[in-house]
Trainee: 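One structure coming up, written as structure tokens, with questions to follow.
A note on names: the letters A, B, ... follow the listed sequences, proteins ahead of strands, and every chain is numbered from 1. In what follows, every heavy atom counts, from backbone to side chain, and hydrogens, waters and symmetry copies are set aside.
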Amino acid sequence: MTNAQIAAVFEEIADLLDFQGANAFRVRAYRNAARTVGDLHETIDTILADPNRKLTDIDGIGDDLAAKIATLARTGDLPMRQELLAEVPESVLALLRVPGLGPKKAAALHKQLKINSLDELREACLAHRVQELKGFGVKTEQTILAGLEIAGAAQERLLWAEADDYCQALLTHLRACRSLEQIAPAGSYRRGRDTVGDLDILVVSSDAGEVMDRLGAFAGVADVLARGDTKMSVRLAAGFQVDLRVVPAESFGAALQYFTGSKQHNVVLRGRAKARGLKINEYGVFRDEQYIAGRTEEEVYATLDLPCFPPELREARREFDWAEAGELPVLVEQNQIQGDLHMHTTATDGAATLDEMAAAALARGLKYIAITDHSKRVTMANGLDATKLRRQWAEIDKLNERLKGLVVLKGVEVDILEKGGLDLDDDVLADADWVVASVHYGQNQPREQITKRILDAIANPHVSAIAHPTGRLLNRRKPYDVDLDAVFQAARTHRKLLELNSHPQRLDLDDVACAAAKQHGVPIVISTDAHSVDGLDKLRYGILQARRAGLTKADVANTRPWAEMRKLIGQ
DNA sequence: GCCGTTTTCGGCCCGACTGTTTTCAGTCG
């Protein structure tokens with residue numbers, strides 16, 4: 001089983017236990033294990049195959065979970081899971097995904113009304129049977145009915161870039177409040193996650209009512225879910241929830257820290273506070289009810305002798321270990337990027353000409369770019385054959401004679417063919433300055449086959465990098481089943497680079513995979529895959545993910561001048 | 001189920017809001 005499959009089993013077990021009303025900390029242990037396994041830098045099989053290593057060395061994995069992981073890896077299932085499924089039908093887990101329904105209420109519905117599915121739940125609500133139950137009432141029944149609509153509406157997380165649009169619009173809207181003193185977004189948006197479930201906004205204001213009224217008047221608001229003295233939640237017509245918190249100025253840093261999360265990061269932080277006789281909540285850091293810090297995040301972290309972690313690192317992955325060892329990475333920044341090595345022009349499926357792309361790159365301060373139009377196999381995009389490609393390269397030579405301050409590299413995005421091999425001959429590729437190889441067809445092939453195609457491409461001496469190495473499209477398409485461990489090792493051996501594609505729907509390699517590539521000593525190249533002039537501005541999305549992976553300037557190949565890049569890949 | 005500068009048992013982060021409860025449980029983040 002892959003790490004992701006093992007993680008999914010633990011998540012399912014956690015749901016099932018939750019439903020049964022099991023000890024919340026036991027449930028948490030399974031959820032933590034799911035996350036830990038999902039975030040690992042190497043496969044479980046690799047660790048199991050190494051006699052010098054034990055799964056229990058992994059934080060949060062004890063004897064019991066280690067045995068369960070080994071069983072899963074060996075047999076693909078767990079007796080415990082089957083036993084749980086015999087007690088709780090899998091279909092009732094859907095009840096837990098209805099907003100407002102937690103394990104207790106869901107279990108009551110299942111046990112007392114024999115409800116096994118969302119459809120049965122809807123019928124029971126419409127027949128007003130739910131409001132008869134103890135602990136339920138008319139309001140609860142209505143809330144469930146409304147929640148069913150949401151659960152049915154294929155609720156997806158927004159891409160970070162989409163959330164950013166809403167966020168900036170909301171901030172601008174709220175800044176019109178006269179009473180507003182401070183405002184900041186928090187949550188997974190601030191941590192730069194590739195997708196965002198909802199938006200958290202913090203404000204300091206002398207008049208909470210004014211700010212809440214103003215939020216309610218935002219054009220996109222569909223309903224007000226809750227409104228109290230300090231907290232308000234609304235749902236936008238797009239289905240996106242926005243939570244507003246109004247806090248006093250002396251608590252702003254504590255609240256920002258608290259609501260930025262992640263949840264797991266905060267659990268670790270609060271545990272550390274407790275060990276020092278301190279208490280941290282969204283109002284500040286307290287010793288014996290005595291406020292000692294909270295105005296800024298720096299102040300809050302300083303009470304625990306911790307640095308103010310960049311939000312992108314706050315995932316309880318490695319940041320606390322790094323801080324303790326004094327090795328917190330200095331994260332890469334967008335202004336350190338010198339070149340963009342993946343973009344298209346009107347020669348294939350781009351919207352801008354070669355000259356326009358070069359002018360736009362120059363205007364953005366880039367020192368070099370590679371034009372990497374598709375190869376002929378990508379017929380839909382009017383992919384180039386050898387003749388057309390060489391014609392484009394001749395144009396690039398002429399362009400370079402005129403250009404000052406920017407070098408345009410003769411590149412190509414060569415397709416890795418379904419049957420293996422590349423879509424252009426080696427003698428053509430040999431004349432390129434930069435070659436990215438990528439899979440567009442045969443994405444559903446079995447693991448061995450698709451992995452071999454990519455490994456062969458890496459071994460080709462003319463290939464510089466593999467573009468979007470897993471092919472995922474957020475909310476739309478799963479990554480292909482490629483053995484990334486093998487890809488990292490091959491890239492290391494052949495001195496090749498792996499791309500972090502900045503397109504907001506790709507962001508592939510993702511943060512976890514980028515961190516793993518770094519562990520393997522493989523540099524990442526952050527590219528835009530721009531299909532237009534504006535596409536060049538997507539770089540910031542890629543930078544955010546690289547930062548989440550803990551990458552520094554040195555880990556990102558295209559922070560170097562082109563001459564050094566060439567040496568890095570031995571070309 | 002995990003874990004240990006409270007160490008093999010007894011903790012495990014903390015508070016706002018809602019609804020149904022007449023003092024609090026459930027859910028959420």
Side-chain angles (χ1 to χ4, degrees), chain A residues 10 13-14 17-19 21-36 55-69 80 95-109 130-144 146-147 186-191 196-202 208 212 224-235 241-247 251 254-255 257-286 300 304 316:
Chain A
F10 283 161
I13 288 176
L17 288 172
D18 229 348
F19 195 83
N23 179 310
F25 296 105
R26 185 177 172 217
V27 176
R28 195 167 89 184
Y30 280 99
R31 293 205 195 279
N32 279 340
R35 210 177 59 92
T36 302
L55 289 173
T56 50
D57 291 338
I58 302 170
D59 214 28
I61 306 295
D63 290 337
D64 181 89
L65 284 171
K68 289 195 168 86
I69 291 170
M80 176 205 191
L95 303 185
L96 292 174
R97 283 185 271 283
V98 177
L101 274 192
K104 295 287 194 303
K105 283 204 166 84
L109 291 166
V130 170
Q131 57 177 271
E132 306 296 326
L133 291 183
K134 185 171 160 49
F136 291 66
V138 177
K139 283 271 196 176
T140 307
E141 193 172 80
Q142 287 167 353
T143 305
I144 292 172
S188 58
Y189 168 77
R190 182 164 179 245
R191 300 199 311 279
V196 175
D198 56 27
L199 197 57
D200 303 289
I201 296 178
L202 297 181
M212 291 186 185
V224 176
L225 303 173
R227 178 170 171 167
D229 293 337
T230 63
K231 181 182 168 182
M232 177 172 176
S233 295
V234 301
R235 181 156 36 240
Q241 185 170 326
V242 179
D243 295 327
L244 176 77
R245 302 288 291 229
V246 184
V247 299
S251 299
Q257 192 288 316
Y258 185 91
F259 290 108
T260 295
S262 64
K263 192 174 169 185
Q264 292 86 356
H265 176 92
N266 286 353
V267 168
V268 174
L269 203 68
R270 266 150 255 288
R272 290 189 168 221
K274 199 160 187 173
R276 292 178 172 223
L278 300 174
K279 183 178 76 170
I280 302 186
N281 57 30
E282 59 259 58
Y283 299 108
V285 184
F286 298 85
V300 170
L304 298 175

Trainee: Taking C-beta and beyond as the side chain, do A:H265 and A:Q257 meet within less than 4.5 Å on heavy atoms?
Mentor: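 When only atoms from C-beta onward are counted, A:Q257 and A:H265 do touch, with a gap below 4.5 Å.
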Trainee: Assign each of A:K104 and A:F136 to its nearest nucleotide of DNA chain B by heavy atoms, then name whichever residue's nucleotide is nearer the 5' end.
Mentor: A:F136
Trainee: Regarding A:V138, tell me which of base, sugar-phosphate or nothing describes its non-hydrogen contacts under 4.0 Å with the strands shown.
Mentor: sugar-phosphate
Trainee: Would you classify A:Y258 as touching base, sugar-phosphate or nothing, given that sugar-phosphate means primed atoms plus P, OP1 and OP2, and contacts are heavy atoms under 4.0 Å?
Mentor: base
Trainee: Taking the side chain as everything from C-beta on, heavy atoms only, tell me whether A:R35 gets closer than 4.5 Å to A:Q264.
Mentor: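 In short, these two side chains touch, coming nearer than 4.5 Å.
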Trainee: Quick one: label A:T230 by what it contacts on the DNA or RNA (base, sugar-phosphate, nothing), any heavy atom closer than 4.0 Å.
Mentor: sugar-phosphate
Trainee: Working note: A:K68 + A:Y30, criterion side-chain contact (heavy atoms from CB on, under 4.5 Å); need CA distance, chi angles, decisive distance, verdict.
Mentor: CA-CA 11 Å; A:K68 289 195 168 86; A:Y30 280 99; 3.3 Å; yes
Trainee: How would you list, by chain and number, every residue that makes a side-chain hydrogen bond (donor to acceptor under 3.5 Å, both in side chains) with A:D243, sequence neighbours excluded?
Mentor: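 Residues passing side-chain hydrogen bond (donor to acceptor under 3.5 Å, both in side chains) with A:D243: A:S233, A:Q241.
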Trainee: Can you tell me, in whole Å, how much space there is between the P of B:dA25 and that of B:dT21?
Mentor: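 My reading of the P atoms in B:dA25 and B:dT21 gives 13 Å.
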Trainee: Mind checking A:K279 for me? I need base, sugar-phosphate or nothing, with any heavy atom below 4.0 Å counting as a touch.
Mentor: sugar-phosphate
Trainee: Mind checking A:L101 for me? I need base, sugar-phosphate or nothing, with any heavy atom below 4.0 Å counting as a touch.
Mentor: sugar-phosphate
Trainee: Taking any heavy-atom pair under 4.0 Å as a contact, classify A:G261: base, sugar-phosphate, or nothing.
Mentor: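 It contacts nothing in the nucleic acid.
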Trainee: Could you tell me the boundaries of the chain A footprint on DNA chain B, defined by atoms under 4.0 Å from its heavy atoms?
Mentor: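 Contacts span B:dG1 to B:dG29, reading 5' to 3'.
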Trainee: Under 4.0 Å between a side-chain nitrogen and a carboxylate oxygen: does that hold for A:R31 and A:D18?
Mentor: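 Counted as a salt bridge, because a side-chain N and a carboxylate O are separated by less than 4.0 Å.
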Trainee: Describe the nucleic acid contact of A:N266 in one word from base, sugar-phosphate, nothing, applying a heavy-atom distance below 4.0 Å.
Mentor: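 Nothing, no heavy atom under 4.0 Å.
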Trainee: If we call it a pair only when both distances are under 3.5 Å in a Watson-Crick or G-U wobble match, what pairs with B:dG19?
Mentor: B:dC24
Trainee: How far does the P atom of B:dT22 sit from the matching atom of B:dG11, given to the nearest Å?
Mentor: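 Pairwise P distance, B:dT22 against B:dG11, rounds to 31 Å.
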Trainee: What I'd like to find out is whether the side chain of A:V242 reaches to under 4.5 Å of the side chain of A:I201, using heavy atoms alone.
Mentor: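 Counting from C-beta outward, A:V242 and A:I201 do come under 4.5 Å.
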